[in-house]
Every structure is written in structure tokens, then in C-alpha cells.
Enquirer: 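Following this message is one structure expressed as C-alpha cells.
Values reported hereafter were calculated over all heavy atoms of this structure, with side chains retained and with hydrogens, waters and symmetry mates removed.
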Amino acid sequence: MTVKEDDANRRAAAQHAVAEHLRLTAAGRVDEWVALFAPDAVLEFPFAPAGVPRRVSGRDALIAHMSHFPETFDVEFGDLVFHETVDPGLVIAEFRSTGTARPTGKPYEQTCISVVRTDDDALITHYLDYWNPLVAIEALTPDDVSSASDRSVTFGG
């Protein structure tokens, strides 16, 4: 196998890991989802709102963080676009989530960009997730909460 073919296979496997991440997240299959990550993987949210950690490390912490996602959001992910990178283990993905915040019944529509690193086995080692926390806060805030109230939310573990 040539280097070019090896890079193409590694890139395809890395992109598949990201697509599976989205599929399993939407399905609420947290135990299967965490198997996509290396044991010491890091999940980062640079724009996380109050109440949501900015960094989650290791599979146990990932499970704890995502365990309440299925009861918090009913979402589908679509419009997935992969942007080519020089490093075949690096994935830059742009996608949309469309759904509902379960506690409020309010719509949840989000545009995301994720920068994901995978190892030679296509396990996710670092997932940098760029999303708009204001969209999540709005979706999870009941209509009867005044704008002067603390509008922080929790939807992780």
C-alpha cells in the first residue's frame, strides 16, 4: 500500500469515527458512543456555558458527562461536511443539529464545527466542539423564567 493510499484509508476511518459519533449521540447510545474514544481521550467545549465543563478527560468522565444527554435533547444531525486536512488523522467537520430540548419542548437548532483528532486505530483522542451555548441556554430555559434570572443550565453529568 502506498503512503497516499494509507493516508486515504486513515482519513476515511477518522471521518467515519466522527460520523458514528453523531449517529450514536443522536440515538442516545452512550455506551457505544464512548467506545469511539481512546481511553484517555479529551472532549473540549471552548464556549461552554456556566454549569457545563470546558474539558472532560477519560472514558469514565465522558460517560458521566454524556449520560443525561438523551433525556435532555432529542436531536438529529445533518448537513455533515468534512473539510480536507493535510493530516489524515485530523477531521474538521461542520454540521447542524435539529431537534427539541426535552425539558422545555422548545426547538434546538445548532450549527457546529468540530476539530477531531484520531489515533492510528481511528479512536478519537481529542474532540474540540465549537457550538453556540446561547442556543442551548435558550432551548433549555422555560418560557416563564425572566431575563434577569440566572440562565445557566446543566446538561452534562
Enquirer: Ignoring hydrogens, what is the shortest heavy-atom contact between Pro49 and Ile137? Give both atom names and the distance.
Expert: CB-CD1, 3.6 Å
Enquirer: Do Asp129 and Ser114 get their side chains close enough for a donor-acceptor pair, meaning under 3.5 Å?
Expert: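 Indeed, the side chains of Asp129 and Ser114 share at least one donor-acceptor pair under 3.5 Å.
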Enquirer: Of all the heavy-atom pairs spanning Val91 and Ala14, show the shortest one and how long it is.
Expert: CG2-CB, 3.5 Å
Enquirer: Less than 4.5 Å apart, side chain to side chain, heavy atoms only: is that true for Trp33 and Thr25?
Expert: yes
Enquirer: Between the side chain of Asp87 and the main-chain N/O of Gly89, is any donor-acceptor distance below 3.5 Å?
Expert: yes
Enquirer: Please tell me whether Trp131 and Val75 are part of a single hydrophobic cluster in this structure, the criterion being side-chain heavy atoms less than 4.5 Å apart.
Expert: yes
Enquirer: Do the side chains of Val52 and His65 get nearer than 4.5 Å, heavy atoms only?
Expert: yes
Enquirer: Determine whether Arg54 and Glu44 make a side-chain contact, defined as any pair of heavy atoms from C-beta on separated by less than 4.5 Å.
Expert: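 Not in contact.
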Enquirer: So if you build clusters from Ile, Leu, Val, Met, Phe, Trp, Tyr with side-chain heavy-atom gaps below 4.5 Å, do Ile63 and Phe45 land together?
Expert: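 Ile63 and Phe45: one cluster.
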Enquirer: Evaluate the side-chain proximity of Val115 to Leu90: yes if any heavy-atom separation is below 4.5 Å, no if none is.
Expert: yes
Enquirer: To the nearest 0.5 angstrom, please state how far the CG atom of Asp119 sits from the CG atom of Asp40.
Expert: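 Asp119 CG to Asp40 CG: 9.0 Å, rounded to 0.5 Å.
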Enquirer: Should the ring pair Phe77 and Phe95 be called parallel, tilted or perpendicular, given that the plane angle runs from 0 to 90° and is split at 30 and 60?
Expert: perpendicular
Enquirer: Are the side chains of Pro107 and Thr100 in touch, meaning some heavy atoms are under 4.5 Å apart?
Expert: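 When only atoms from C-beta onward are counted, Thr100 and Pro107 do not touch, as no gap falls below 4.5 Å.
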Enquirer: Passes side chain to side chain contact (heavy atoms under 4.5 Å, CB included), Arg10 versus Asp120? Steps please.
Expert: CA-CA 7 Å; Arg10 183 153 182 227; Asp120 290 339; 3.4 Å; yes
Enquirer: Say you draw a straight line from CG of Leu43 to CZ of Arg59; how long is it, rounded to the nearest 0.5 Å?
Expert: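 Interatomic distance, Leu43 CG to Arg59 CZ, rounded to 0.5 Å: 13.5 Å.
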Enquirer: Between Glu76 (side chain) and Ser97 (backbone), is there a donor-acceptor pair under 3.5 Å?
Expert: no
Enquirer: Go through it in stages, so that I can follow the logic: the residues are Glu138 and Lys106, the test is salt bridge (Lys or Arg N to Asp or Glu O under 4.0 Å), and I'd like the CA-CA distance, side-chain angles, deciding distance and then a yes or no.
Expert: CA-CA 8 Å; Glu138 177 60 33; Lys106 293 168 85 172; 3.0 Å; yes
Enquirer: To the nearest 0.5 Å, tell me how far Asp31 CG sits from Arg29 CZ.
Expert: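 Output value for this atom pair is 10.5 Å.
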Enquirer: What about the rings of Phe73 and His68, do their centers lie closer together than 6.0 Å?
Expert: no
Enquirer: Write down the atom of Tyr108, the atom of Ala101, and the distance for their closest heavy-atom approach.
Expert: CB-N, 4.1 Å
Enquirer: Looking at Ile113 and Glu94, what are the two nearest heavy atoms and their distance?
Expert: CG1-CG, 4.1 Å
Enquirer: Would Arg96 and Thr111 count as having a side-chain donor-acceptor pair, cut-off 3.5 Å?
Expert: yes
Enquirer: Anything under 30° is parallel, anything over 60° is perpendicular, the rest tilted; go ahead and classify Phe37 against Tyr127.
Expert: tilted
Enquirer: What residues form a ring pair (Phe, Tyr, Trp, His ring centres under 6.0 Å) with Phe82, not counting sequence neighbours?
Expert: none
Enquirer: Treating Ile, Leu, Val, Met, Phe, Trp and Tyr as nodes and any side-chain heavy-atom pair under 4.5 angstrom as an edge, say whether Leu24 and Val34 lie in one connected cluster.
Expert: yes
Enquirer: Any chance CZ of Arg23 has more than 12 other-residue heavy atoms, nucleotides or ligands included, within less than 6.0 Å?
Expert: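 Correct, the count exceeds 12.
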Enquirer: Could you check if a side-chain atom of Leu80 sits within less than 4.5 angstrom of a side-chain atom of Leu22, using non-hydrogen atoms only?
Expert: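 Yes - at least one pair of side-chain heavy atoms lies under 4.5 Å apart.
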Enquirer: Check for me, please, whether Phe69 and Val116 land in the same ILVMFWY cluster - side-chain distances under 4.5 Å, paths through other members count.
Expert: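 Yes.
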Enquirer: Given the rule in the side chain to side chain contact (heavy atoms under 4.5 Å, CB included) test, do Cys112 and Tyr130 qualify, once you have shown the distances and angles that lead to the verdict?
Expert: CA-CA 6 Å; Cys112 304; Tyr130 291 98; over 6 Å; no
Enquirer: Before you tell me yes or no, could you show the steps for Glu20 and Glu32 under side chain to side chain contact (heavy atoms under 4.5 Å, CB included), namely the whole-Å CA-CA distance, both residues' side-chain angles and the distance that decides it to 0.1 Å?
Expert: CA-CA 10 Å; Glu20 281 295 284; Glu32 292 173 73; over 6 Å; no
Enquirer: Mind checking the CG-OG spacing from Leu62 to Ser57? Nearest 0.5 Å is all I need.
Expert: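 Going from CG on Leu62 over to OG on Ser57, the span is 8.0 Å.
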Enquirer: So, does Arg102 use its side chain to make a donor-acceptor pair with the main chain of Glu71 at under 3.5 Å?
Expert: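 Such a contact is absent between Arg102 side chain and Glu71 backbone.
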Enquirer: Quick check against the 3.5 Å criterion: does Arg11 have a side-chain atom that pairs as donor or acceptor with the backbone of Glu84?
Expert: no
Enquirer: A quick test of your reading: do over 12 heavy atoms of other residues, nucleotides or ligands sit less than 6.0 Å from CG of Asp60?
Expert: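 Incorrect, the count does not exceed 12.
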Enquirer: List the atom of Pro88, the atom of Asp7, and the distance in Å for their closest heavy-atom pair.
Expert: CB-O, 3.3 Å
Enquirer: Applying the 4.5 Å side-chain criterion to the ILVMFWY set and letting contacts propagate, would Val135 and Leu140 be lumped into a single cluster?
Expert: yes
